[in-house]
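Read through the structure below, which is laid out as C-alpha cells, and then see the notes.
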Amino acid sequence: MSVTKPDPETDLRRARLSTLARAPADRLCALFAAYAPQSPAHDLLRPPEIGTVMVRGRAGASGAPFNLGEMTVTRCSVRLASGAVGHGHVQGRAHAAARTAALIDALCQDGQGTAIEAAILTPLRAEAEAARAARATRAAATRVEFFTMVRGDNA
Amino acid sequence: MYVAVKGGERAIDNAHAWLAEERRGDPGVAELGIAQIREQLALAVARVMAEGSLYDPDLAALAIKQARGDLIEAVFLIRAYRTTLPRFGAARPVDTGAMACDRRISATFKDLPGGQILGPTFDYTHRLLDFALAADGMAPPDAPQSEASAGAMAHVTEFLAREGLIQPEAQGSATPRDLTREPLDFPADRPLRLQALARGDEGFVLSMAYSTQRGYGRTHPFVGELRIGTVAVEMDIPELGFAIELGEVVVTECETVNQFTGSRTEPPQFTRGYGLVFGQSERKAISMALVDRALRWEELGEDNVGAPAQDTEFVLYHADNVQATGFLEHIKLPHYVDFQSELELIRRLRAEAIAGQAREAAE
C-alpha cells in the first residue's frame with residue numbers, strides 16, 4: 001500500500017470504486033443514464049479494455065500466497081473537459097460499464113460526489129446488501145440445531 | 001523422411017457444419033441460452049471455471065454450450081481464450097476468514113462458533129430421481145429464511161492454533177511462482193503445487209486423494225472445516241495509489257487436520273492440508289486438501305512409502321486434463337508416414353522369420 005495515513009477522501013473513493021466494480025453492468029449503466037441522460041463530454045485516456053487479474057489464496061488460509069486462477073476485469077480511464085480524470089474497473093467483460101464507472105469517478109472528482117452518491121451509489125449498495133442478506137438468511141435457516149437424545153430409562 | 005500431405009479441406013468444412021447442426025440438436029426443441037446454463041448448470045460452470053483457471057460464469061457457460069456439454073473441451077476453450085487476454089496484475093490473497101458463507105461445516109467440532117451451516121447441499125438427499133423436475137414450469141417453494149448472525153466466522157484451525165495444537169503456516173514469498181507463466185519446474189514448492197491442484201482435473205485429484213484414504217500414503221485426515229461462499233477480490237491499482245475491490249468470487253475451501261508431527265524440541269502438533277477452488281465444488285476442495293497433505297511428506301519428515309500421491313512429479317505432470325487430452329488425442333491424427341515405416345519393418349521381419357523357418361525345415 002502506498003497510502004499510509006488515513007484520508008477520508010481516499011476512503012470514500014475506494015468505497016465508491018469498489019461498489020462500482022461489483023455492480024451488475026446493466027444496472028450500473030441504467031442508473032447512470034437516469035442520472036446523466038446526456039453523457040458528459042470526455043476523452044478516453046484508456047479505452048475500455050478487457051483483461052484478467054490473478055486471484056490468489058493462501059496455503060492453509062493464512063500462509064504462503066499461491067495463484068488460484070484469473071478472473072476477467074474490464075478497465076477504462078477518461079478525462080472530462082474540466083480536466084478531471086476518472087478510472088473505472090468492473091468485474092467481467094463489460095465495456096460500457098467500465099466506461100460508466102470511469103465517468104462516475106471523474107464526475108465525483110469534479111464536485112458531483114454528493115449527488116452521485118445519492119443517485120447511484122446508495123441504490124447500488126442497498127441492492128448489493130439485499131442480495132447478500134437474501135443468501136445469508138437462507139444459509140442461517142440451514143444452521144443445525146443439535147439436541148441431545150434422552151435415553152429411555154428403565155424406571 | 002517427412003512427407004507433407006494436403007487435402008480434406010472440404011471434408012473438414014462439412015464436418016464442422018454438421019457439428020454445428022448436431023450441437024443444436026432437434027430444432028423443434030428450444031435452444032439453450034447462456035443464462036440458462038449459468039443459472040441452472042451452475043456446478044458444471046464452476047468446474048469449467050476452476051479447471052479453466054478463469055473466473056467468468058458467462059464465458060464458462062458459453063464454453064459448455066459450444067462444447068456440447070463436454071466439460072474438458074469447455075475447459076480447453078476457456079484456457080485458449082484466457083491466453084488472448086492481457087493480465088492487469090495480481091490481486092491480494094483473498095481473505096477466506098471474511099467469506100460470506102453459504103455453507104460451513106466442521107467434522108471435528110460439533111459446537112463451533114457460528115455453527116454448522118449446511119447450505120444448498122446434496123448431502124442427506126435420497127438420490128432418487130425427481131420426476132417433478134421433468135415437468136415444465138414448476139417453481140420451487142421459497143427457501144425458509146432465518147435471522148443471520150452478523151460478523152465473520154473464524155476458521156476452526158484458529159481455535160487449534162490458539163492452543164498451539166496445529167502447525168502454523170509458513171509465510172512464503174509475496175509473489176508465488178506461476179505455472180501459467182513459466183514451465184513447471186521441480187522441485188515444486190507448496191504454492192506451485194496448490195496452483196496445479198486447484199486447476200487439476202477433478203477426477204484425477206479425487207482418485208489420488210482416494211488412494212491415500214485406501215492406504216497408499218495414508219494421512220489420517222479430518223475435515224476441520226469446509227466452507228463455500230463469496231470472497232472479495234482486492235487489488236492495488238497503480239494509477240489510484242490504493243487498493244479497491246475489483247469484484248467477488250465464489251470459492252470452496254477445505255482445511256484438513258491431520259496426524260501429528262513433533263520432535264525432541266517441538267511437542268506434537270496436528271498438521272494441515274489445504275484445498276481452495278473456484279465455485280462450489282467440495283469434492284474437489286476436499287480432494288485437493290488430501291493430496292496437498294500427502295505431497296508434504298518430505299517437509300514434515302515422513303517416510304516416502306512410494307505411494308503415487310506422494311510423488312510430486314507424477315501428480316503434477318498428470319493432473320492437467322487439457323495437457324493430458326492433447327497428448328492422448330493427438331495419436332488419432334494422421335500418422336501415415338510413421339506407420340508406413342512400421343509396416344515395412346514388420347513385413348521385412350516376417351519375411352526373414354518365414355525364410356528362416358523354411359531353411360530349418362529343409363535342413
Side-chain angles (χ1 to χ4, degrees), chain A residues 1-3 7 10-11 13-22 45-46 49-75 77 85 87 89-93 105 128 132-146, chain B residues 50 53-56 59 82 85-91 93-94 96-97 100-102 110 115-119 143-148 155 157 169-174 176 178 190-191 194-195 198-199 233 235-237 239-249 253 255 272 274 276 278:
Chain A
M1 278 300 288
S2 43
V3 176
D7 165 12
T10 301
D11 288 348
R13 192 176 180 199
R14 186 207 321 271
R16 194 158 55 219
L17 291 173
S18 299
T19 301
L20 296 174
R22 299 165 77 158
L45 297 178
R46 178 158 60 202
E49 178 188 20
I50 296 171
T52 71
V53 163
M54 178 55 90
V55 180
R56 287 179 175 157
R58 288 186 180 280
S62 58
F66 68 94
N67 294 307
L68 177 60
E70 287 161 89
M71 71 177 216
T72 49
V73 171
T74 311
R75 65 181 180 185
S77 298
V85 170
H87 301 291
H89 292 78
V90 292
Q91 184 171 13
R93 293 154 302 115
D105 185 41
R132 192 204 60 77
R135 296 195 78 82
T137 52
R138 280 171 176 78
T142 68
R143 183 176 161 156
V144 179
E145 308 288 348
F146 287 104
Chain B
S53 289
L54 186 66
Y55 195 97
D56 187 317
L59 277 182
R82 188 199 66 81
L85 297 177
R87 187 186 290 178
F88 297 157
V94 294
T96 54
C101 294
D102 288 350
K110 180 165 72 75
Q116 308 266 359
I117 294 171
L118 301 181
Q145 302 185 31
S146 296
E147 198 179 326
H155 279 108
T157 47
E169 290 287 3
Q171 284 311 297
S173 139
D178 181 355
R190 190 166 175 220
L194 289 171
Q195 182 185 16
R199 69 205 304 264
V233 177
M235 189 170 91
D236 290 293
I237 308 293
E239 53 269 40
L240 293 172
F242 53 83
I244 65 167
E245 288 172 9
L246 287 175
E248 56 191 27
V249 293
E253 178 185 57
E255 291 180 278
R272 307 170 187 242
Y274 189 67
L276 185 70
F278 279 152

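Quick note on labels: first sequence line is chain A, next is B, and so on, each numbered from 1. Not measured: the values here are computed from a predicted model.
Judged by a 6.0 Å distance limit and a 45° cone about the ring axis, A:R75 is positioned over the six-membered ring of B:F88.
The two residues B:R272 and A:G60 have their closest heavy-atom pair at NH1-O, 3.7 Å. Closest of all the heavy-atom pairs between B:S146 and A:A141 is OG-CA, 3.4 Å. Closest of all the heavy-atom pairs between A:G63 and B:E169 is CA-CB, 3.4 Å. Residue A:P65 comes nearest to B:P191 through the heavy atom pair O-CB, 3.4 Å, listed as atom of the first residue, atom of the second, then distance.
Side-chain N or O atoms of B:Q171 include one that pairs as donor or acceptor with a backbone N or O of A:S62 at under 3.5 Å. Under the 3.5 Å distance criterion, the side-chain polar atoms of A:Q91 are matched with a main-chain donor or acceptor of B:E248.
Here A:T10 contributes atom OG1 and B:I244 contributes atom CD1; the two are 13.0 Å apart, rounded to the nearest 0.5 Å. Taking OG1 of A:T52 as the start and CG of B:L85 as the end, the distance is 6.0 Å to the nearest 0.5 Å. The NE2 atom of A:H87 sits 5.5 Å away from the CG atom of B:L240 when rounded to the nearest 0.5 Å. From B:L246, atom CG reaches atom CZ of A:R22 across 10.0 Å, with rounding to the nearest 0.5 Å. Atom-to-atom distance recorded for A:T72:OG1 and B:R82:CZ is 12.5 Å, nearest 0.5 angstrom. Atoms NE2 and CE, on A:H89 and B:M235 in that order, are 5.5 Å from each other to the nearest 0.5 Å.
Within the 4.5 angstrom heavy-atom criterion, atoms from both the backbone and the side chain of B:A148 approach chain A. Using a 4.5 Å cut-off between heavy atoms, A:V90 touches chain B through its backbone atoms (N, CA, C, O) alone. Heavy-atom distances place the backbone of B:E147, and not its side chain, under 4.5 Å from chain A.
Among B:T157, B:T96, B:V233, the residue making the largest number of heavy-atom pairs under 4.5 Å with chain A is B:V233. The greatest number of non-hydrogen atom pairs below 4.5 Å with chain A, out of B:A50, B:C101, B:A100, B:A170, is found for B:A170. The most heavy-atom pairs under 4.5 Å with chain A, out of B:P93, B:G247, B:A91, B:A198, come from B:P93. Among B:S53, B:G172, B:P176, the residue making the largest number of heavy-atom pairs under 4.5 Å with chain A is B:P176.
Residues A:F66 and B:L276 have side chains in contact (heavy-atom distance under 4.5 Å, counting atoms from C-beta outward). Contact check for A:E49 versus B:P86: side-chain heavy atoms found under the 4.5 Å cut-off. Between A:R93 and B:L59 the shortest side-chain heavy-atom distance falls below 4.5 Å.
Under a 4.0 Å N-O distance rule, the pair A:E70/B:R87 qualifies as a salt bridge.
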**OP:** Apply side chain to side chain contact (heavy atoms under 4.5 Å, CB included) to the pair A:V55 and B:F278, showing each step before the final yes or no.
**Re:** CA-CA 10 Å; A:V55 180; B:F278 279 152; 4.1 Å; yes
Subject >> side chain to side chain contact (heavy atoms under 4.5 Å, CB included) between B:Q195 and A:R56, intermediate numbers included >> reply: CA-CA 9 Å; B:Q195 182 185 16; A:R56 287 179 175 157; over 6 Å; no
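The side-chain hydrogen bond (donor to acceptor under 3.5 Å, both in side chains) search around A:R138 returns none, not counting sequence neighbours.
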